[in-house]
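Heads up, the thing below is written out as structure tokens.
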Amino acid sequence: MRNLLVLTLLFSAAASVGFAQTPEDWRNYFTDTPLVDQDGNSHRFYTDLLKGHTVVMNFMFTACRNSCPVMAGNFANIQKWLGDRLGKSVLLLSFTVDPDTDTASTLKAYAMRMKARPGWYFLTGTKDDLKLVLQRLGQYVEQRDDHQNLFLIVNEPAGLMKKAFGMAGTRELIATIDSVISGVGAER
């Protein structure tokens with residue numbers, strides 16, 4: 001795993017400093033900000049997308065020609081690996097960092113190119129709503145090209161979150177995702 005940077009965060013550790021002591025605290029922190037997926041459907045961020053799931057998140061824009069295609073390719077491979085778990089216990093969330101350009105229809109075309117199956121959401125929203133969610137995730141940037149090449153992997157029921165370098169090899173990323181799905185490192 002030499003190419004994979006993994007940072008583990010435990011929600012329970014955050015609770016010791018006054019953050020996220022209850023599921024209601026998590027909802028309040030992550031917010032139920034409305035986001036729109038590639039099909040034009042609205043989702044509340046915490047309640048509809050995080051609560052009760054393991055989620056793998058990345059941050060991208062459809063016109064990106066550098067890191068985004070590599071990370072999307074990793075997501076496509078992770079989607080295959082997840083099999084029937086995708087859309088049930090595990091969700092893939094791709095957030096645009098360019099909501100002015102990446103409308104639901106633009107994201108739909110991108111999702112089709114990636115052969116995204118149900119359970120892989122490409123998310124946009126109003127500039128203010130998306131900014132709030134990305135800030136809460138530590139991923140807001142003023143310039144779209146400044147986005148980080150990170151995956152955030154969250155097992156909400158276990159209170160576990162890990163960050164991984166999104167440009168790492170798929171096998172390394174899958175090992176990290178599998179550890180989060182399994183709750184390895186969670187001590188609630």
Side-chain angles (χ1 to χ4, degrees), residues 4-15 17-38 42-62 64 67-68 70-72 74-75 78 90-102 104 107 110-111 116 119-168 173 176-177 179-181 185-186:
L4 183 64
L5 167 69
V6 177
L7 176 64
T8 303
L9 305 168
L10 296 172
F11 293 144
S12 58
V17 293
F19 169 75
Q21 296 177 14
T22 68
E24 184 67 18
D25 292 332
W26 300 329
R27 189 193 65 72
N28 288 337
Y29 179 78
F30 288 111
T31 77
D32 262 340
T33 302
L35 298 170
V36 178
D37 70 21
Q38 69 269 25
S42 184
H43 302 273
R44 295 169 296 171
F45 180 52
Y46 178 76
T47 301
D48 298 335
L49 298 171
L50 285 179
K51 186 177 180 183
H53 295 103
T54 296
V55 297
V56 184
M57 297 178 262
N58 76 337
F59 310 91
M60 47 69 72
F61 60 101
T62 59
C64 177
S67 60
C68 298
V70 175
M71 292 192 303
N74 276 334
F75 256 40
I78 292 164
V90 182
L91 303 177
L92 299 177
L93 307 179
S94 292
F95 293 86
T96 184
V97 294
D98 184 11
D100 289 333
T101 303
D102 291 339
L107 291 172
Y110 192 80
W120 183 355
Y121 297 94
F122 292 79
L123 299 165
T124 191
T126 68
K127 264 185 137 169
D128 289 339
D129 287 345
L130 199 56
K131 179 180 179 179
L132 176 62
V133 170
L134 293 176
Q135 284 175 328
R136 294 298 169 102
L137 295 170
Q139 300 302 308
Y140 177 74
V141 292
E142 289 289 331
Q143 301 296 317
R144 69 183 191 179
D145 291 312
D146 294 338
H147 74 87
Q148 296 180 20
N149 299 323
L150 288 176
F151 287 178
L152 296 181
I153 308 118
V154 177
N155 179 332
E156 188 274 342
L160 176 65
M161 177 168 55
K162 292 184 180 182
K163 293 181 181 182
F165 182 53
M167 305 278 288
L173 289 165
T176 301
I177 293 164
S179 74
V180 174
I181 291 170

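As the structure is a prediction and not an experimental result, all values here were calculated from the model. In this chain, numbering begins with 1 at the start of the sequence shown. For the numbers below, each heavy atom of this structure counts, side chains included, while hydrogens, waters and symmetry mates do not.
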Determine, stepwise, if the pair E156 / V55 fulfils side chain to side chain contact (heavy atoms under 4.5 Å, CB included).
-> CA-CA 8 Å; E156 188 274 342; V55 297; over 6 Å; no
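- Between V133 and T33 the shortest heavy-atom distance is CG2-CB, 3.7 Å.
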Decide side chain to side chain contact (heavy atoms under 4.5 Å, CB included) for T96 and T62; before the verdict, give the C-alpha distance in whole Å, the side-chain angles of both, and the deciding distance to 0.1 Å.
-> CA-CA 8 Å; T96 184; T62 59; over 6 Å; no
Apply the test side chain to side chain contact (heavy atoms under 4.5 Å, CB included) to residues F151 and M71: give CA-CA distance (whole Å), side-chain angles for both, the deciding distance (0.1 Å), then the verdict.
-> CA-CA 9 Å; F151 287 178; M71 292 192 303; 3.9 Å; yes
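- Atom CG of residue L130 and atom CG of residue L134 lie 4.5 Å apart, to the nearest 0.5 angstrom.
- Taking every heavy atom of both residues into account, L49 and L91 meet most closely at O-CD1, 3.3 Å.
- Using bins of under 30°, 30° to 60° and over 60° for the plane-to-plane angle, the ring pair F59/F95 lands in the parallel bin.
- Going from atom CZ of F45 over to atom CG of L35 covers 7.0 Å, rounded to the nearest 0.5 Å.
- Rounded to the nearest 0.5 Å, atoms CD1 (I78) and CD1 (I153) are 7.5 Å apart.
- Annotation: the span from T54 atom OG1 to L92 atom CG amounts to 11.0 Å, rounded to 0.5 Å.
- D48 is linked by a salt bridge (Lys or Arg N to Asp or Glu O under 4.0 Å) to R44, counting only residues two or more places apart in sequence or in another chain.
- Between A164 and T176, the closest heavy-atom pair is CB-CG2, 4.4 Å.
- Of the inter-residue distances, the one linking M161 atom CE with L152 atom CG reads 6.0 Å to the nearest 0.5 angstrom.
- Legend: residues meeting salt bridge (Lys or Arg N to Asp or Glu O under 4.0 Å) with D128, ordered by chain and number and at least two apart, are absent.
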Taking it one step at a time, do F61 and T101 satisfy side chain to side chain contact (heavy atoms under 4.5 Å, CB included)?
-> CA-CA 8 Å; F61 60 101; T101 303; over 6 Å; no
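- Shown here are the ring-ring contact (aromatic ring centres under 6.0 Å, His included) partners of H53, two or more places apart in sequence or in another chain: there are none.
- Note that CG of L50 is 5.5 Å distant from CE of M57, once rounded to the nearest 0.5 Å.
- Under a 3.5 Å cut-off, the side chain of D32 and the backbone N or O of T47 do form a donor-acceptor pair.
- Looking at Y46, its side chain never comes within 3.5 Å of a backbone N or O of N28 through a donor-acceptor pair.
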Identify every side-chain donor-acceptor pair in residues 119-126 under 3.5 Å, counting partners at least two apart or on other chains, and give the distances.
unit_1 : atom_1 : unit_2 : atom_2 : d
W120   : NE1    : S94    : OG     : 3.0
T124   : OG1    : D102   : O      : 3.0
T126   : OG1    : D129   : N      : 3.0
T126   : OG1    : D129   : OD2    : 3.2

